[in-house]
Amino acid sequence: MILRVAIGADHGGFALKAELLPWLKSQGYEVSDLGAFSFAPADDYPDFARKVAEALASAQAERGIIICGSGVGACIAANKVPGVWAGVCHDTYSARQGVEHDDMNVLCLGARVVGTELARELVAAFLKARFSGEARHRRRLDKVMAIEAEYLKKNRSQKEEGATP
Ligand code: RB5
């Protein structure tokens with residue numbers, strides 16, 4: 001099966017995305033570029049993080065890559081979408097192990113932190129890795145999902161309490 005990869009970047013990651021795109025395609029991945037499509041210094045990373053995260057959540061892609069200046073803002077935004085497990089990884093160990101142990105499905109990169117060659121190695125480590133499925137990792141991921149489920153429930157009941165009949 002050809003892995004479908006969604007990629008997005010704000011102005012901070014725009015140039016690195018442009019460099020990674022042809023290389024990613026040459027590696028045989030099916031790549032969806034979700035923007036930005038032109039360099040706009042006032043654009044906002046949540047807009048592109050959201051597009052990539054939603055591509056994952058709606059099963060239009062199996063993996064995502066989001067690039068901003070540091071990778072941090074994109075990661076925070078992407079993790080707001082249920083079904084997304086995003087991490088900032090600027091070393092190849094984490095880029096691989098984040099998938100094998102934590103089922104990370106979105107890699108966030110900081111274009112002001114890493115150069116093109118390291119970015120390629122990070123992406124390669126991320127895309128080649130597979131979740132191990134080991135019981136200890138599943139147990140931990142279940143605990144992560146339990147946190148999300150509990151707080152989503154709390155937010156919902158708080159909203160309902162505050163709602164006017
Ligand atoms: C944009 O200048 C920058 O703040 C953004 O790309 C990113 O680094 C946020 O985490």
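FYI, side chains are in, hydrogens and waters are out, and symmetry mates aren't considered; it's all heavy atoms of this structure. Every number for a ligand or one of its atoms is a count from 1 in the order of the listing.
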**Q.** Glu62/Arg4 salt bridge by N-O under 4.0 Å criterion
**A.**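 A salt bridge links Arg4 with Glu62.
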Q. Are the charged groups of Glu54 and Arg50 less than 4.0 angstrom apart, N to O?
A.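 Result for this pair is yes, salt bridge flagged.
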For ligand 1, which is the ligand I care about here, please tell me if [X] has any N or O atom under 3.5 Å from one of the ligand's N or O atoms.
X	answer
Gly73	yes
Ser70	yes
Gly69	yes

Q.
Suppose I only count heavy atoms of Asp10 and a 4.0 Å limit; which atoms of ligand 1 are within that range?
A.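 Listed by number with element: 1 (C), 5 (C), 6 (O).
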Q: Enumerate the atoms of ligand 1 whose separation from the nearest heavy atom of Arg112 is less than 4.0 angstrom.
A: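 Near Arg112, the atoms of ligand 1 are 1 (C), 2 (O), 3 (C).
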(Q) Give me the residue, atom name and distance of the protein heavy atom closest to atom 2 (O) of ligand 1. (A)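 Here the closest protein heavy atom is His11 NE2, 3.0 Å.
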Q) Taking all non-hydrogen atoms of both residues, which atom of Leu122 and which atom of Leu109 are closest, and how far apart? A)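 So the two residues come closest at CD1-CD2, 3.7 Å.
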Q: Determine whether the side chains of Ser132 and Glu100 contain a donor N or O and an acceptor N or O closer than 3.5 Å.
A: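 Short answer, no.
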Q. Can you list the other members of the hydrophobic cluster that holds Ile147, where links are side-chain heavy atoms under 4.5 angstrom apart?
A.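 Ile147 shares its hydrophobic cluster with Tyr151.
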